[in-house]
Amino acid sequence: MGTTAQDIRIINEAGFKWVRFDLSWSNIESKKGIYNFDDYNELNLLLKKYDIKPYYILDYSNNLYENDNSVVTTEGRNAFKNFAKEAAQRYKGQGAVWEIWNEPDSEKFWSPQPSFKDYSRLVNEVAPAIKLIDSSGKVVAPALNGINADSLEWLEETFKNGILKNIDMVSVHPYRKDVPETVINDYTRVRDLIKKYSSKNIQVVSGEWGYITEKTFNRRDGELKQAQYATRMMLINSWMKVPISVWYGLKNDGQDINVPGQNYGLIWPDNEPKIAYQSISVLSQITQEYHVEKKLEYGYPEDYIFQMNNSNHKKMLVFWTTEKEHYITISLSNGNGWLISMLGERKKVDWNQKQVVLRLTSSPSYLLIK
């Protein structure tokens, strides 16, 4: 699998609470009816050691039963269901996420042609079987490839075919070249679709999303932009009540900075952390006891100022802008606290006359109020 104990430790130290990885059907069942989980048991033990929950992707096809990378036959569906039941039996009781397939609306992962009918049949047979075995887990689908007109049309067809009756959450992969804040309307569109076909409280999960380290004249500039987007992505997801946010991925998939797809990692191949790793670590540490209470509006749609609260009624502001750097004065009771940068630099501040001046940049900052 390639995931090491050091990788899991690095993930834990950044504050991540979930790890998403494949349970490959063809790897586990290489002979009919015989299941070998040896490649996954050690990883599962490491996750338990570091108190990280598993986000299992049950995928892909198996040439013992199917000719293509899809499941389209009765025999294939029954075999996939048996594989899923074996996995659930082995790893039940961990509060895991069980995701059925990855991006089945893409020809890359469901060939020769994505089929919402065949995929829906698979979900409707497999999901109830998993739930009977692992009542602690959540079944999610369909790991939608992007959020756009075509993918939403495909998603709606799976809803028409009844998958919402059998799953607990809808997973989407909101990749985009644009800024993370543009996802807000996309989440709303997905939720509106869910409400159209179900009265259940089905949450939307950000099951895979990341930004590359862009090639720039100065490597730090590319890393800094990735860090800004990663931090803002997580904060927007929190505000939008997205319960799980999975960053893709931990480590670069290659050595070539000229190949964008190789540069999504939070760390370089030699395990050197990028700036984004540091910014996510700071975010996790500072906000771990807090939740987004509300967005403060001061008439500037490009500004994002969130009030966060914790169980002890302590408050914190987190703020940034998608436009040029500027200052803004907001109303706040007389007080003092700490101003913390995206990368963890701290400065003690105090204010009076019930006003505080904030400097908004592309990098989120935190005002921890005493």
Side-chain angles (χ1 to χ4, degrees), residues 146-149 152 172-192 204 206 209-214 216 218 220-242 245 247 264 274-276 278-280 282-284 286-287 290-309 315-333 337-345 347 349 351 354-369:
I147 305 177
N148 51 57
L152 288 174
V172 297
H173 296 174
Y175 286 101
R176 61 202 55 230
K177 293 182 179 179
D178 211 340
V179 296
E181 293 77 9
T182 56
V183 81
I184 294 169
N185 289 335
D186 290 339
Y187 284 145
T188 300
R189 292 160 71 192
V190 173
R191 286 171 174 162
D192 287 345
V204 178
S206 179
W209 184 11
Y211 285 92
I212 64 169
T213 306
E214 295 181 1
T216 57
N218 184 326
R220 180 178 174 81
D221 291 342
E223 285 193 35
L224 180 61
K225 183 177 179 181
Q226 182 194 38
Q228 292 167 341
Y229 281 13
T231 310
R232 286 155 49 181
M233 181 193 91
M234 294 294 182
L235 287 164
I236 288 294
N237 281 354
S238 179
W239 176 47
M240 293 297 291
K241 309 298 182 187
V242 174
S245 298
W247 174 269
Y264 279 95
K274 297 183 185 179
I275 297 175
Q278 182 180 351
S279 72
I280 292 296
V282 171
L283 171 70
S284 300
I286 293 174
T287 65
Y290 288 79
H291 64 276
V292 177
E293 183 70 21
K294 60 184 176 180
K295 184 174 185 283
L296 305 181
E297 301 288 354
Y298 285 89
Y300 302 97
E302 68 272 14
D303 291 349
Y304 291 81
I305 306 171
F306 294 121
Q307 177 181 306
M308 304 185 77
N309 297 352
K315 294 182 180 180
M316 173 169 55
L317 300 183
V318 56
F319 51 93
W320 71 91
T321 184
T322 59
E323 295 295 331
K324 293 182 179 179
E325 174 184 326
H326 61 274
Y327 291 85
I328 187 170
T329 301
I330 70 170
S331 301
L332 198 64
S333 300
W338 291 93
L339 184 63
I340 307 170
S341 76
M342 182 180 75
L343 301 182
E345 297 171 344
K347 177 184 177 183
V349 293
W351 55 92
K354 296 187 177 181
Q355 288 186 329
V356 63
V357 178
L358 303 178
R359 174 173 168 260
L360 277 65
T361 72
S362 300
S363 300
S365 296
Y366 311 89
L367 181 63
L368 192 58
I369 302 169

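Given the structure is predicted, the values throughout are model-derived calculations rather than measurements. By convention here, the first residue in the shown sequence is residue 1.
- Taking the six-membered ring for Trp and thresholds of 30 and 60 degrees, Y300 and H326 have ring planes inclined between 30 and 60 degrees apart.
- Across all non-hydrogen atoms, the minimal contact from Y211 to W247 is N-CH2, 3.1 Å.
- Rounding to the nearest 0.5 angstrom, the gap separating the CZ atom in R359 from the CD1 atom in I328 is 14.5 Å.
- Counting only heavy atoms from C-beta outward, the side chains of W320 and L235 approach each other to under 4.5 Å.
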Next item on the list: Could you walk me through whether S363 and Q228 pass side chain to side chain contact (heavy atoms under 4.5 Å, CB included), step by step?
Entry: CA-CA 5 Å; S363 300; Q228 292 167 341; 2.9 Å; yes
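- To the nearest 0.5 angstrom, I212 atom CD1 is 8.5 Å from K177 atom NZ.
- The CD atom of E181 sits 8.0 Å away from the OH atom of Y229 when rounded to the nearest 0.5 Å.
- Not one N or O on the side chain of S245 forms a donor-acceptor pair closer than 3.5 Å with the backbone of S206.
- For the pair D303 and F319, the minimum side-chain heavy-atom distance is 4.5 Å or more.
- A donor-acceptor pair under 3.5 Å is absent between the side-chain atoms of S238 and the main chain of M234, judged by distance alone.
- The side-chain heavy atoms of M342 and V282, taken from C-beta on, include no pair separated by under 4.5 Å.
- Of the charged side-chain nitrogens involved, at least one lies within less than 4.0 Å of a carboxylate oxygen, so that R189 and D186 count as a salt-bridged pair.
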Notebook entry, point to check: Yes or no on side-chain hydrogen bond (donor to acceptor under 3.5 Å, both in side chains) for T213 and Q226, after CA distance, side-chain angles and deciding distance?
Noted result: CA-CA 6 Å; T213 306; Q226 182 194 38; 2.9 Å; yes
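- Crowding of Y298 atom OH: a count of heavy atoms from other residues, nucleotides or ligands under 6.0 Å exceeding 12.
- Note that OG1 of T361 and CD of E325 are 6.0 Å apart. Values are rounded to the nearest 0.5 Å.
- Side chains of L296 and L317 form a contact here, defined as non-hydrogen atoms less than 4.5 Å apart.
- Taking all atoms of both residues into account, the shortest heavy-atom contact from P174 to Y187 is CG-OH, 3.9 Å.
- Taking both residues in full, the closest heavy atoms of L343 and Q278 are given as O-NE2, 2.9 Å, listed atom of the first, atom of the second, then distance.
- Between the side chain of H291 and the backbone N or O of N309 there is at least one donor-acceptor pair closer than 3.5 Å.
- In this structure, V183 and W209 have side chains that are in contact, with non-hydrogen atoms separated by less than 4.5 Å.
- Within 6.0 Å of the NZ atom in K295, the count of heavy atoms belonging to other residues, nucleotides or ligands exceeds 12.
- Under the 3.5 Å distance criterion, the side-chain polar atoms of R232 are matched with a main-chain donor or acceptor of S362.
- Side-chain atoms of W351 come within 3.5 Å of backbone atoms of S333 as a donor-acceptor pair (strictly under, hydrogens ignored).
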Notebook entry, point to check: When you look at L367 and V349, which way does the side chain to side chain contact (heavy atoms under 4.5 Å, CB included) test go after all the steps?
Noted result: CA-CA 9 Å; L367 181 63; V349 293; 3.7 Å; yes
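- The neighbour count for K241 NZ, taken as heavy atoms of other residues, nucleotides or ligands under 6.0 Å away, is above 12.
- In this structure, the separation between CG on L358 and CG on L332 is 8.5 Å, given to the nearest 0.5 Å.
- In this structure, F306 and Y290 have side chains that are not in contact, with every pair of non-hydrogen atoms separated by 4.5 Å or more.
- Contact of the M240 side chain with the T188 side chain is registered, since non-hydrogen atoms from C-beta on lie closer than 4.5 Å.
- Smallest separation of non-hydrogen atoms from S365 and S341: OG-CA, 4.4 Å.
- Atom CD1 of I340 and atom CD of E345 lie 11.0 Å apart (nearest 0.5 Å).
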